[in-house]
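For reference, the structure discussed in these notes is given below.
Labels below follow one simple rule: chain letters A, B, ... track the order of the sequence lines, proteins then strands, and each chain is numbered from 1. Note that these values count all heavy atoms, side chains included, but never hydrogens, waters or copies made by symmetry.
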Amino acid sequence: MATAAAPRTDRTPADGAPGATADTAAHQHAFDTAVAAEERIEPRDWMPDAYRATLVRQIAQHAHSEIIGMQPEANWITRAPSLRRKAILMAKVQDEAGHGLYLYSAAETLGTSREELLDKLHSGRQKYSSIFNYPTLTWADVGAIGWLVDGAAITNQVPLCRCSYGPYARAMVRICKEESFHQRQGYELLLALSKGTPEQHAMAQDAVDRWWWPSLMMFGPPDDSSQHSAQSMEWKIKRHSNDELRQRFVDIAVPQAESLGLTLPDPDLKWNEERGHHDFGAIDWTEFKEVLKGNGPCNEQRITQRRRAHDEGAWVREAAAAHAAKHAGSTGRTGATRA
Amino acid sequence: MTHTDWPLWEVFVRSRRGLSHTHAGSLHAPDAELALRNARDLYTRRGEGVSIWVVPATAVTASSPDEKDPFFEPSADKPYRHPTFYEIPEGVKHL
Amino acid sequence: MTATVPATAALALGDDALVLSHRLGEWAGHAPVLEEEVALANIALDLLGQARVLLSMTGDEDELAYLREERAFRNLQLVEQPNGDFAHTIARQLYFSTYQHLLYAELAAQEGPFQPLAGKAVKEVAYHRDHAEQWTLRLGDGTGLSHDRMSRACDALWRFTGEMFQPIPGVDIDWAALETSWLASVTDVLGRATLTVPEGPRTGAWAAGAGRQGLHTESFGRMLAEMQHLHRSHPGASW
């Protein structure tokens, strides 16, 4: 995309292509020094190809998760049982679209367009978080997603606010600020159900029973079999290991479940005085791998709906582009600096 | 890309009167009018702003990181531009 | 300021907002582009907020929303019309938000029970109207396909627009003038969008009445069934 004649915008990545080997060594040194010194890497800085590729993959997956993640919750907007809950849920699903947008923008600073990323999502070449391949069967699932899924996401995301890549870190700061309302509303929703009628309490317990294990899987495979972890830690894209974050999440969730008056579906879950952490049972990694492969309860449904929305929206996007082309130069408010 | 691919816009938001516009992020829109509206919906939905600028991303010309040294280093050795450079006898006020 | 609240009017205005908000909420996860997900949700949230204030003026918002039968809803048939394609949604938005903006501007300007709500909502609705106009221009004067779709949508919803100007008891404004302003505004926008103002009647031919009398269209019952089922399955529960 960068040509000699093109304007050098902030969106034009620096040339990281191989060729000037002497330069590359110097660049690599400058990059390593910056990362080690906790400086941020910015879009036009030189960066190793693999660093760029890792970031694109991770940010894209994160963005895709936000927009696919709208579906299981949007499933309940039209059935929300009170107007207050309906407003909260609509605002939350809207935030997820917004978070997707922030993240696609961050990915675009690396020289990949949103259109390309969406293509990869639609064709299955890029993934989204497997958690969204589970169904929302009852209203309580909206609460369980807020409390457990968003809780796990926040545990994962807070360290990303210090990620070495500037645009990603900045997007995460904004997202984390907005996410805290998501988790709290989920917890409050479950609390109302837990303290409600016996049927409502049962609904809440059932949801927690179904979402607990998939939430633990959100932290990814155990450290000894995690593909990308070591390099990402070195690059300061990742700050803590999968198992470390998973443990942190379990330790936070256990007392929260007690306050809710709900149990977590793990007979092996207990406080380990010696470790100063909770022990917990073995995660079913076979299920994790199967869902990741596409065999979860909703994989097909989620991607089909996403593709359909995109395809059915094509004529709208074309119309707006055509209108803009026809009226180029005649629309727009100029002199904004004086506004 | 396809012809449905809307261009990218950079969004600058003035968070309140008295402050300058700062870069908030970017978004896609077919034209400036919709870019403004999308920016309003996306970047000020929690009351974060009182004024918005949108600029086509391609209209931003940026300094290159490779030019960092010639661009920015020379200004680092001109301490006489900073007030702390000058010694004023004690007791002199309003300076 | 202490005027008693005309219940019929609060229900009519509240139900319009409630039902349209619900329809817009159905777009979540289906919008043509991500930026529009955010925009449609903003509008839906504004409307839901208005609905909650209006319904609460005359009773418990949840009882009114979830426990009334179809015949007790006083919203316009226009707002309950299914989303259809994006053009239908935009045509519905154009017709309704132009009306709502003009109406709320009147209510905001006169002392009465609706003045506080209208004063706040008129700013929200001005934005909804602008959003609908911007998209009408782009779809009408976009591609051949979008022009056809927008044109069809405007035609299809035209016959639901007459009902808007049926006076609502308790809302003391010049309804004929409202209709004139509405027609002028819609005619102007459609013209700029290279669309023609639909011909044909602006009211249904059915003597039994319309939404303000509690008579609705087929899809509305289904919409309510979905909206109310969970709440009704747990009588007396809090959420």
Side-chain angles (χ1 to χ4, degrees), chain A residues 63 66-68 70-87 89-91 93-98 100-101 104 114 118 138-139 189 192-193 195-197 199-200 203 302 305-306 308-310 312-327 331, chain C residues 18 21-42 44-45 48-49 51-52 55-56 61-62 64-66 85-87 90 134-135 137-147 149-150 223 226-239:
Chain A
E66 294 284 354
I67 61 166
I68 294 284
M70 294 169 71
Q71 290 182 32
E73 292 178 279
N75 183 35
W76 283 93
I77 287 179
T78 52
R79 291 177 288 172
S82 75
L83 297 186
R84 174 172 174 269
R85 291 285 174 206
K86 189 173 183 163
L89 184 55
M90 263 203 258
V93 173
Q94 182 197 37
D95 272 352
E96 275 146 19
L101 281 169
Y104 283 122
R114 192 205 294 177
L118 285 175
T138 73
W139 169 251
L189 190 163
L193 294 179
K195 294 202 301 200
T197 66
E199 290 79 12
Q200 286 178 308
M203 194 193 280
R302 299 285 187 245
Q305 180 183 323
R306 180 83 270 290
R308 194 191 307 129
H310 190 75
E312 287 178 0
W315 71 274
V316 176
R317 299 190 300 275
E318 276 167 33
H323 180 272
K326 278 188 218 179
H327 297 266
T331 55
Chain C
L18 177 72
S21 160
H22 185 96
R23 285 298 191 204
L24 290 173
E26 292 173 354
W27 270 106
H30 299 272
V33 63
L34 268 177
E35 279 80 0
E36 234 8 66
E37 291 279 357
V38 181
L40 292 171
N42 258 352
L45 280 168
L48 184 53
R52 295 181 66 191
L55 295 181
S56 299
E61 59 176 33
D62 286 336
L64 287 167
Y66 292 99
D85 62 12
F86 191 67
I90 291 302
Q134 294 295 332
W135 272 109
L137 296 177
R138 281 158 186 77
L139 298 182
D141 189 17
T143 61
L145 177 65
S146 73
H147 179 88
R149 290 195 172 173
M150 194 60 206
M223 192 205 103
E226 184 174 340
M227 186 174 107
Q228 296 182 336
H229 105 271
L230 176 60
H231 184 97
R232 285 181 180 242
S233 304
H234 299 264
S238 323
W239 300 94

* To do: Sort C/Leu137 into side chain, backbone, both or neither according to what part of it lies under 4.5 angstrom from a heavy atom of chain A.
  => both
* **Under 4.5 Å from a heavy atom of chain A, the part of C/Ser21 involved** => both
* Can you say whether C/Leu34 sits under 4.5 Å from chain A via the side chain, the backbone, both, or neither, judging by heavy atoms? -> both
* Can you name the residues that form a side chain to side chain donor-acceptor pair (under 3.5 Å) with C/Arg149, not counting sequence neighbours? -> none
* Structure fact -> Most heavy-atom pairs under 4.5 Å with chain C, out of A/Gly100, A/Ala87, A/Ala325, belong to A/Ala87
* Asked: With only heavy atoms counted, which part of C/Leu40 is less than 4.5 Å from chain A, the side chain, the backbone, both or neither?
  -> neither
* Asked: Counting heavy-atom pairs under 4.5 Å to chain C, which of A/Arg306, A/Arg84, A/Glu96, A/Met70 comes out on top?
  -> A/Arg84
* Does C/Asp85 have any side chain to side chain donor-acceptor pair (under 3.5 Å) partners at least two apart in sequence or in another chain, and if so, which? -> C/His88
* Structure fact -> Whatever's closer than 4.5 Å to a heavy atom in chain C on A/Lys86 counts as both
* Asked: Is it the backbone or the side chain of C/Ala87 that comes under 4.5 Å from a heavy atom of chain A, or both, or neither?
  -> both
* Where on C/His229 is there a heavy atom nearer than 4.5 Å to chain A: the side chain, the backbone, both, or neither? -> side chain
* **A/Arg114 portion near chain C, given a 4.5 angstrom heavy-atom threshold** => side chain
* Structure fact -> If one checks every heavy atom of A/Arg79 against chain C at 4.5 Å, the contacting part turns out to be both
* Asked: So which heavy atom on C/Ala237 is nearest to which on A/Gln200, and how close?
  -> CB-NE2, 3.5 Å
* **Per-residue contact mode, C/Phe86 against chain A (heavy atom under 4.5 angstrom)** => both
* Name the region of A/Val316, side chain, backbone, both or neither, that has any atom closer than 4.5 Å to a heavy atom of chain C. => both
* Structure fact -> Whatever's closer than 4.5 Å to a heavy atom in chain A on C/His234 counts as side chain
* Using modelled atom types only, decide if a donor and an acceptor are shared between the side chain of A/His323 and the backbone of C/Gly142 within a distance under 3.5 Å. => no
* To do: Examine whether an atom of A/Thr78 lies under 4.5 Å from a heavy atom of chain C, and if so say whether it belongs to the side chain, the backbone or both; otherwise answer neither.
  => both
* Asked: What part of A/Leu83 is in contact with chain C, defined as an atom under 4.5 angstrom from a non-hydrogen atom: side chain, backbone, both or neither?
  -> both
* **Which atoms of C/Glu35 approach chain A - backbone, side chain, both or neither, heavy atom under 4.5 Å** => both
